[in-house]
Peer 1: 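One structure coming up, written as C-alpha cells, with questions to follow.
Below, chains carry the letters A, B, ... as their sequence lines are ordered, and counting in each starts from 1. As the structure is a prediction and not an experimental result, all values here were calculated from the model.
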Amino acid sequence: MRGQLAPYVFLSPTLVLVTLFFFIPLVMVFILSFTNLDMTNFGILEWWSPANWSLDNYIKIFTNRFFSKILGNTIMYVVLTLTVFNVGLALVIALITTHINRRAGFAFRVLWFLPRITPVVVYIMMWKALAGPAPMGIINSILGPLGIGSGKYLLNTNPWVFIILANGFIGASFGMILFSSAIEAIPKDYLMASKVDGATTWQTIRYVELPALKWPLLFVTTYQTLSLLTSFQQIMLLTDGGPGLYQTEVWALTAYHRALTSYFGNTQWGYGAAWSVVLVIIGIVMAVIYLRVFKFGELVEEPKIDQL
Amino acid sequence: MKITIKALCKLFGKVKAVDNLALEIRDGEFVALLGPSGCGKTTTLLMLAGIYKPSSGSIRFGEKVINHLTPKERNIGMVFQSYALYPHMTTFDNISYPLKLKKVHKKEMMKRVQATADMMGIGELLDRKPAELSGGQQQRVAVARALVKEPAILLFDEPLSNLDAKLRLRMRGEIKRLQESLGVTSVYVTHDQVEAMTMASRIAVMNFGVLQTYGSPNQLYDHPDTVFVAGFIGAPPMNFLEMRFEERDDGFYLGSQALEIRIPDERGAQAKQNDVPQRVIMGSRPEDVSVVAERDGDFKAEVYLIEPLGREDLVTFRFDSEEIRALTPAPFHGQIGETMSLKLDKEKVHLFNPETKVSVLRSGNGGSS
Amino acid sequence: MIVRPKVKPVLAYLALVVPSSLVLLGFLWLLITSFSTRTEGLKSLGWTLHNWRFLWESPFGPGYPSIWQITLNTLLMSLIMTVIVVVVSSMTGYALARMKFPGRKSFLSLTLILHAFPSVTLLIPIYFVLLWITKIPLIGRGVPLLGGFGYNTVGGVALVMVAFQLPFGIWIMKGFFDNISWDMERSALIDGASRFKVWWQIIMPNIRPGVAALSVFSFLTAWNAYLIPLTFTAGRAGKSVVLSLYLQNFISESVMTEWNAVAAVGLFQLIPVVVFFLFTQEALLNIYGGGRKGGA
Ligand SMILES: Nc1ncnc2c1ncn2[C@@H]1O[C@H](COP(=O)(O)OP(=O)(O)OP(=O)(O)O)[C@@H](O)[C@H]1O
Ligand SMILES: [Mg+2]
C-alpha cells in the first residue's frame, strides 16, 4: 500500500505546481473565453455564471478579417525559425564546434549563447540598432559605403527577416547545447572504431553521430515548435506586429494584444482568452502529432522494479 | 529459513518469464537455479527478493506468505552479476549501507563491517572507491555487503561470470565454504552447469520459464528426466540417437540401420512399464562410448574430428548420417577418416519418449518433482 | 565526395563565422553605446561614463534601492528557482523513469504538452491564483527573505517561473535516470532503503553531471527572466525586485528613454552570467543524459 503511494509522493510537487499554474489557469481561461469580461465590467460581470457565456468570441475570431493573415504569419514564423535556426543552424553549430579545436568550439558556443542570456529588452535594442536607418544603423553604416541598400530602416523594409533572425539566434542555442552534449556523450570507442575503419569526418558524422542524435533531434523539434508557437515577446518588442497593419502579427501576440494592451481603449480579457484557447488547442494537437509521429511511447521503457 | 514456492508465474506483457514454478528449499540448503539465457532465472530470484511482484502464485519464507513484503522486510542479501556497488561510496560505506539503514549503532557497525571485510579478505581496502578495485575485489565487496546484515536468505545472480577462469574457481570454493559455515539458505543462479554441480546440494533446471527438473547433482546426471536436462547437464553433452525399441523373447533391444544393442532387462522392463513407444530417443554420454577391438564393437563409425582436452580426447565419429562423440583416453590412436569400432555402455543408456521428451526410465515418481 | 574533406574545414568556419559576425557586431555596438553619448553605426560620437553612474549613485533618488541590492535580489531569486527546479524535476523525473504507476506514460506526455500552454494565455488567471495564495496566512506573505509565495513576492515569481521550467527539467532529468543501472537500485532496495532513500542517497549522487547541467541552465534562465517578474510584481517596489525589471526604470513613455543607460544596465546584468557561463560550459555540455531506449 505504501509502495503504491510512493510514486505519487514523488510526483506531488509537480502535481501541485501544475495544478496551480497550469490547470486552474487553463480552466479559468477556458471559461473566460466564453465571456465578454474586460476592464470596464471587471468586478461587475459574473464571468463564472453560465448565463453570461456565449460563443461570440470564437465567432469573432473566425470571422476576423485578419484571421488568415495572422494564421499564415504564425505558420511562416514557426516553420522558418524552427527549420532554419532552432534545428538546422543549431545542428550545424553543434557539429562544427565539436569537430574543430576544442577552445575555438567553446568560444563559438559562448558567443551563440549570448542572445539567450542577454536581457530581452537590451537584446531587441541591439537588433534595432543593427537594423537602424543610415547613418545610425550598424548594417546600413557598413553596407552604405559599399553602395548596397537604400539606407532605410530595415525593420520597415524587411521586418520578417529581422524577426526570424532575432528569434532564431536565441532559439539556436537551445538545440546547440543539447546536440553538442549528445555528440560529446557518444562513447569515444565508437568514434575511434569509425576512424580505424577509415571513415572520413563526413562519414563519421553521417553514420555515427547523426544516428545518435535522433532522440535529441526529436525532443528539440517538438519542444521548440511549442516554444515558438507560444512566443511573442521578441516580436512585440521588435515590431509589435507592424510596421503594416498586422504585417508581423502572430497568434500569441494577438492574444496578448487583445487581452493585455489597451489597443482599442480597453483590455478585452474574454476575447483575448478565446484567442489563447485556440492557440492552446493548436499546441496540444501539434504535441500529440509529434508524440505519435516520433513514437515517443516506444521510447519510454517499462520500469524494471515493481511497486509492491 | 525454508522457502516454499507454489504455482509462481511472472508475465512481462505477453512473455511468460516464469511459468507455474513450484520449488521447495530446505532451511540452510544451497540450491542452484540452472538454465540457458533468458529462461527466467533472474526473474525468479528478483521475485524472491521482492523486486518483481509475482503475477500469480505464492512465495513463503518459513510458513509466512511474503508476496507483498517489500525487499526491506524480507531480510535477504543479494549479490548481482554486475556487483551493483555504489560508485560514489567507499568500500566501507558500501558494506555498511545495509547496517546504516537498519540504524545499527555506530560502534557495532564498525565492528561488523570490519569482521565481514576481514572474512572476505578485503579488510585493507575499506577506504577505496569501487573504481579503484579489481573485478575480484569488487566481487568480494558485493558478497560482504550481502552478508553483513546477517540475512536469513542469500541470493546470488551469476556472481562469478565476470571473473577470469582461475578466480572463478577460487571464489566458487570460497562462497561454498562460507555458505556452509554460516548455514544460510541460498539460491544461486548460474548458467554454468559445472558451477551448479559442484556447489549446490540440489539443482533446479529451468527452460522457457518452466521447471524441468529438481534434484541432487548426481540424480540429474545419472537419471535425467527430460531430453533437455540430459543434454544440458554434463559436458561434453550427451549423444542422442533415434532408435527402435523392441521386446524379444530373450530381452529388450534397441535398433537402427547401423547398429543393434541389447539393453539390460531391468531398464527394458522399466521402459515398458512407462509405455515406451516404438520409436525412442536413446541417450549415451560421451564417456560411456568407447573405442574397442572390432569383435567387441556394437557398430562401426568413421573418425570425423579430434579435439584434445588434455587428459582426454573428444572424438566425433560419423556413421550413416548420424554423429556420435566419445571421450577417449589421450592420446587417441586414430586418424581422421579411419573407421573404428565403438561400444556403448548399456548400463548407462537413457531412453526418452520422442513426443513428450520425457524419460521412460523413471521409476514411479522418484527423483523429480 | 573526394573533394569534400578538404573543402569542409573552410566551409565549416565560414558557416560559423558569417552568422556569428552579426551577433558579434551587435554586442560590440552595445559595449560602445554604453560608454558613449551617441553613436553612429559602430562609431562613438563622444565617450562618457555617465551611463554607468547607476553603479555608484541611484539615478532615481536616494530612497531607491541600490543596484547592488537589486543584484543580490536577482541572485537570490535565481538560486531559489534553480534549487526548486532541480529538486522538483529530479523527483518527478525519477518517478517517471523508474516507478510503475497507472498513467505513467500519459503523465510523461502531459509534461511535454504543458509546454504548449502559452505563458501569455495563463498570465491573467495565474494573477488570480497568486492573489488567492496571498490570502493564505503565512505562505502568502509571511515568509522571511522571499516575502511569501503570493502576488508581488520573490517567492511567488520564483514559483511561477519554476512551473514554466518544469517540462524541460523533467524530461532532461528523466534522461539521466534512464541511464542508471537497475541492479544498483535493486541492490539498494534489498539493502533496506526506501524508494525515497534510494533516490536521494544512491541515485542522485550518481547523476551529478545532470544536476549540474540543469542547474546551470535554470540559473541562466532565471537570471534573465523578464515577462513573469514584470507581470507579477507591481509598483516601485516591484521594479526593484530583479535586474531585468530595474531596466524598466529607464524606459518610460513620458520621458525620453535613455537608451545608452539601458545598454549599460543590460551589460551589467549580462557580464556576470557570461563569466558564469564561461566557467560552467563544461558542466552544461553534460545536459544530454541519454534517454534512449536501454539501461541495464
Ligand atoms: N523487466 C522485464 N521486462 C520485460 N521482459 C523481461 C524483463 N525481465 C526479463 N524479461 C524477459 O523474461 C525472460 C526471462 O528473463 P530473465 O532475466 O529472468 O532470464 P535469465 O534466465 O536470468 O537469463 P540470463 O542467463 O541471460 O540472465 C526473458 O525472455 C526476458 O527477455
Ligand atoms: Mg539473468
Peer 1: Using a 4.5 angstrom heavy-atom cutoff, name the option from A:Leu17, A:Leu11, A:Val280 with the most pairs to chain C.
Peer 2: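 Of A:Leu17, A:Leu11, A:Val280, A:Leu11 has the most heavy-atom pairs under 4.5 Å with chain C.
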Peer 1: Measure the spacing between CD1 of A:Ile139 and CG of C:Leu25 and express it to the nearest 0.5 Å.
Peer 2: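 CG of C:Leu25 is found 8.0 Å from CD1 of A:Ile139.
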Peer 1: Go through A:Met28, A:Arg116, A:Met125, A:Lys214 and name the one with the most non-hydrogen pairs under 4.5 angstrom from chain C.
Peer 2: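 Top option by heavy-atom pairs under 4.5 Å: A:Met125.
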Peer 1: Looking at the rings of A:Phe108 and A:Phe113, which for Trp means the six-membered one, are their centres under 6.0 Å apart?
Peer 2: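 Judged by ring-centre distance (under 6.0 Å), A:Phe108 and A:Phe113 do not meet the cut-off.
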Peer 1: Any ion pair linking C:Arg104 and A:Glu302 (charged N to carboxylate O, less than 4.0 Å)?
Peer 2: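 A salt bridge links A:Glu302 with C:Arg104.
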Peer 1: Look at C:Glu185, C:Gln269, C:Gln281 and state which one has the largest set of heavy-atom pairs under 4.5 Å with chain A.
Peer 2: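 So the answer, after comparing C:Glu185, C:Gln269, C:Gln281, is C:Gln281.
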Peer 1: I'd like to verify something: which residue of A:Ile183, A:Ile100, A:Leu15, A:Val18 has the highest number of heavy-atom pairs under 4.5 Å with chain C?
Peer 2: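 Looking at each option in turn, the highest pair count goes to A:Ile100.
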Peer 1: What part of C:Val162 gets within 4.5 angstrom of chain A, counting heavy atoms only: side chain, backbone, both, or neither?
Peer 2: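 When you check distances to chain A, only side chain atoms of C:Val162 fall under 4.5 Å.
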Peer 1: So which residue, A:Ile93, A:Asp306, A:Leu130, A:Ile305, ends up with the most heavy-atom pairs under 4.5 Å with chain C?
Peer 2: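 Max contact count across the listed options: A:Ile305.
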Peer 1: Tell me if the aromatic rings of A:Trp127 and A:Phe169 count as close, with their centers under 6.0 Å from one another.
Peer 2: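 Aromatic pair counts; centres sit under 6.0 Å.
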Peer 1: So which of C:Phe101, C:Phe217, C:Trp223, C:Phe27 has the largest heavy-atom pair count under 4.5 angstrom toward chain A?
Peer 2: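 Greatest number of close heavy-atom pairs with chain A: C:Phe27.
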Peer 1: Between CG of C:Leu28 and CE of A:Met126, what distance do you get to the nearest 0.5 Å?
Peer 2: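 C:Leu28 CG to A:Met126 CE: 10.5 Å, rounded to 0.5 Å.
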Peer 1: Between A:Ser227 and chain C, with a heavy-atom cut-off of 4.5 Å, which part of the residue counts as in contact: side chain, backbone, both or neither?
Peer 2: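 It is both, since atoms from each part get that close.
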Peer 1: Is C:Ile170 close to chain A through its backbone or its side chain, or both, or neither, when contacts mean heavy atoms under 4.5 Å?
Peer 2: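 Contact with chain A is through the side chain of C:Ile170 alone.
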Peer 1: Return the option, out of C:Leu108, C:Val23, C:Thr92, with the maximum number of heavy-atom pairs under 4.5 Å with chain A.
Peer 2: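 The candidate making the most pairs under 4.5 Å is C:Thr92.
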Peer 1: Check whether the ring centres of A:Phe174 and A:Tyr223 lie less than 6.0 Å apart, and answer yes or no.
Peer 2: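 That pair passes the under 6.0 Å test.
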Peer 1: Are the aromatic ring centres of C:Phe168 and C:His115 under 6.0 angstrom apart?
Peer 2: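 Aromatic pair excluded; centres sit 6.0 Å or further apart.
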Peer 1: Sort out for me which of C:Gly266, C:Ser90, C:Pro125, C:Ala95 touches chain A most, counting heavy-atom pairs under 4.5 Å.
Peer 2: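 Heavy-atom pairs under 4.5 Å are most numerous for C:Pro125.
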Peer 1: Mind ranking A:Ala252, A:Ala172, A:Pro119, A:Ser180 by heavy-atom pairs under 4.5 Å with chain C and telling me who comes out on top?
Peer 2: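 Highest number of pairs under 4.5 Å: A:Pro119.
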